[in-house]
Amino acid sequence: MNLQMTKRNQLRIKYAIAFVLILFVEVMIALYVHDTFVRPYVGDMLVVILVYSFTRIFIPERCRLLPLYVFLFAAGVEVLQYFKLVQVLGLENNRFLRIVLGSVFDIKDIACYGVGSILLEAFERIKSINRLQE
């Protein structure tokens, strides 16, 4: 196994661990936090980081526009909530899919996705700077 493949696999493992940890935090927020800040705002910001971490398991190399793509995906799902996707698909009785897809459009959610994506971009840039300094 060459060095590049080993580094790629190490990155995959790191992102898989990050995904599992963030998923755990998201589930804990969903189950136990019933406030007006952490659940609606921090949870929405973290979901973008969760999707990013999941994607990086399969694409460990830096994808320059990945934070933007994840934001567009999350915003797209939010827009589908505006059009009542859950009801259109007849999934209103499926609690799990109703939670995953969401059922209430809120423009503030898109702003939270934007903040999460900006944090991801900052993370990527800091990592790039650190790689250059090595």
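Start at 1 with the first residue, then count along the sequence. Only a predicted model underlies this, so the values are computations on that prediction, with no experimental measurement involved.
Contact between Gly102 and Val86 at its shortest, heavy atoms only, is O-CG2, 3.2 Å. Shown here for Tyr113 and Ala75, the closest heavy-atom pair between the two residues is CD1-N, 4.0 Å. Closest approach of Met45 to Val115, counting heavy atoms only: SD-CG1, 3.8 Å. When all heavy atoms of Pro60 and Arg8 are compared, the closest pair comes out as CG-CG, 3.0 Å. Cys63 and Tyr69 make their closest contact through SG-CE1, 4.2 Å (heavy atoms, listed as atom of the first residue, atom of the second, distance). Nearest heavy-atom pair across Arg62 and Ser128 is NE-OG, 3.6 Å.
Note on Phe96: it clusters hydrophobically with Leu80, by side-chain heavy-atom contacts below 4.5 Å among ILVMFWY residues. Hydrophobic clustering, with ILVMFWY side chains joined whenever heavy atoms are under 4.5 angstrom apart, keeps Leu89 apart from Val104. Note: the hydrophobic cluster containing Leu50 also contains Val25 (ILVMFWY, side chain heavy atoms under 4.5 Å, direct or indirect links). Grouping the Ile, Leu, Val, Met, Phe, Trp and Tyr side chains by contacts below 4.5 angstrom, directly or via other members, places Leu21 apart from Val38. Following chains of ILVMFWY side-chain contacts shorter than 4.5 Å, one cannot reach Leu91 starting from Val79, and the two form parts of different hydrophobic clusters.
Put simply, CD1 on Ile110 and CG on Leu72 are 10.5 Å apart, with the number rounded to the nearest 0.5 Å. From Lys14, atom NZ reaches atom CG of Asn9 across 12.5 Å, with rounding to the nearest 0.5 Å. Taken from OH in Tyr15 to CZ in Phe58, the straight-line distance is 14.0 Å, to the nearest 0.5 Å. For the atom pair Leu11 CG and Thr6 OG1, the distance stands at 11.5 Å (nearest 0.5 Å). Rounded to the nearest 0.5 Å, atoms CG (Asp44) and CG (Asp106) are 8.0 Å apart. Atoms CZ and CG, from Phe71 and Leu68 in turn, are 8.0 Å apart once rounded to the nearest 0.5 Å.
In this structure, the side chains of Pro40 and Lys108 stay at 4.5 Å or more apart for every pair of heavy atoms. When side chains are defined from C-beta on, Ile29 counts as touching Leu46, because their heavy atoms get closer than 4.5 Å. Side-chain contact between Val48 and Val51: absent, with no pair of heavy atoms (C-beta onward) separated by less than 4.5 Å. Between Arg56 and Leu66, the closest side-chain pair of non-hydrogen atoms falls below 4.5 Å.
Remark: Arg131 CZ is packed, more than 12 non-hydrogen atoms of other residues, nucleotides or ligands lying under 6.0 Å away.
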Steps toward side chain to side chain contact (heavy atoms under 4.5 Å, CB included) verdict (Ile129, Ile126)
CA-CA 5 Å; Ile129 291 168; Ile126 290 168; 5.5 Å; no

Using the rule given for side chain to side chain contact (heavy atoms under 4.5 Å, CB included), can you reason through Leu120 versus Ile49, listing the C-alpha separation, both sets of side-chain angles and the distance that settles it, and then say yes or no?
CA-CA 7 Å; Leu120 288 171; Ile49 298 170; 3.9 Å; yes

Could you check Phe19 against Phe54 for ring-ring contact (aromatic ring centres under 6.0 Å, His included), going step by step and ending with a plain yes or no?
CA-CA 6 Å; Phe19 172 77; Phe54 181 76; 5.2 Å; yes

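The stretch residues 64-86 participates, sequence neighbours left out, in no salt bridge (charged side-chain N to carboxylate O under 4.0 Å, His left out) pair at all.
With hydrogens and angles disregarded, a donor-acceptor distance shorter than 3.5 Å links the side chain of Glu26 to the backbone of Val47. In this structure, Asp35 contributes its side chain and Arg39 its backbone to a donor-acceptor pair below 3.5 Å.
Between Phe105 and Tyr82, the ring planes lie perpendicular to each other; the angle is over 60°, past the 30° to 60° tilted range. Below 30°, between 30° and 60°, or above 60°: for Phe37 and Tyr41 the angle between ring planes is between 30° and 60°, a tilted geometry.
The side-chain contact (heavy atoms from CB on, under 4.5 Å) test applied to Val27 returns Leu23, Leu31, not counting sequence neighbours.
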